[in-house]
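Naming: A, B, ... by sequence-line order, numbering from 1 per chain. Everything quoted here is computed from the prediction, not taken from an experiment.
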Amino acid sequence: MKNATVFLARRITKVTSPVSTLRYYCSNPSPSSPSRKNRLFVGGLSWSVDEKSLKDAFSSYGEVTGVYDKDSGRSRGFGFVDFSKEDDARCAKDAMDGKALLGRPLRISFALEKVRGGPVVVPRLT
DNA sequence: AATGAGCGT
């Protein structure tokens, strides 16, 4: 339970594509799965759910983040949970998805890849 | 303030 929250886990990918006569933007060639397996999106939360409640439910599996809204400080009704291992994420999802928390059924799915200052996904320009 | 599918720092 001491794993640090990691937002930037991108590794340098070696570009082995032949030099094209067109663009040379440094976007990630790999399409990448739209969802990170190490992070879960937890929705369906009651408005009154706090981080503690979510932690209480997921602390056994990983870390809980992003429950509150930065703007209003209120609950957004969803949160995120970081895991060290995909297996833990899978386990937690399989174990908690659809379960009720504070009278409201949880909607758990793999989180999308959203990082502040993240690379802009450029669809194929050709 | 109230909102009920969604995807954040």
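Which of dC7(B), dA5(B), dG4(B) sits closest to the side chain of Arg107(A) comes down to dA5(B).
Ser109(A) contributes a side-chain N or O that forms a donor-acceptor pair with the base of dC7(B) under 3.5 Å.
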Listing, residues 92-99 of chain A side-chain donor-acceptor contacts under 3.5 Å, not counting sequence neighbours, or none:
{"residue": "Asp97(A)", "atom": "OD1", "partner": "Ile108(A)", "partner atom": "N", "Å": "3.0"}

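Using a 4.0 Å heavy-atom criterion, one finds that Arg76(A) contacts the bases of the nucleic acid, with or without backbone contacts as well. Tyr68(A) comes within 4.0 angstrom of no nucleic acid atom, judged by non-hydrogen atoms across all strands. Nucleic acid contact for Gly79(A): none, since no nucleic acid atom lies under 4.0 Å from a heavy atom of the residue.
Nucleotide dA5(B) holds its C1' atom 13 Å from the CG atom of Leu112(A), rounded to whole Å. Distance Leu54(A) CG to dC7(B) P: 18 Å, rounded to the nearest Å. The NZ-P distance, from Lys37(A) to dC7(B), rounds to 20 Å in whole Å. The nearest whole Å value for the distance from the CZ atom in Phe41(A) to the C1' atom in dC7(B) is 5 Å. If you take CD1 of Ile108(A) and C1' of dG4(B), they are 16 Å apart, rounded to a whole angstrom. The CD-P distance, from Glu113(A) to dG6(B), rounds to 21 Å in whole Å. Rounded to whole Å, the distance from CZ on Phe78(A) to P on dG4(B) is 15 Å.
The 5' end of DNA chain B is approached more closely, in terms of each residue's nearest nucleotide, by Leu45(A) than by the other of Ala111(A) and Leu45(A).
Partners of Glu86(A) according to the salt bridge (Lys or Arg N to Asp or Glu O under 4.0 Å) rule, which considers only residues two or more places apart in sequence or in another chain, do not exist here. Applying the ring pair (Phe, Tyr, Trp, His ring centres under 6.0 Å) test to Phe80(A) and every residue at least two apart in sequence or in another chain returns Phe41(A), Phe78(A). Listed by chain and number, the residues in a salt bridge (Lys or Arg N to Asp or Glu O under 4.0 Å) with Lys85(A) are Asp88(A) (sequence neighbours excluded). Partners of Ser46(A) by side-chain contact (heavy atoms from CB on, under 4.5 Å), not counting sequence neighbours, listed by chain and number: Ser48(A), Val49(A), Leu102(A), Arg104(A).
One finds the CG atom of Asn38(A) at 8.5 Å from the CG atom of Asp82(A) (value rounded to the nearest 0.5 Å).
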What does the list of N/O pairs under 3.5 Å between the protein and nucleotides 1-3 of chain B look like, with a distance for each?
none

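No side-chain donor-acceptor contact under 3.5 Å links Asp56(A) and Ser53(A).
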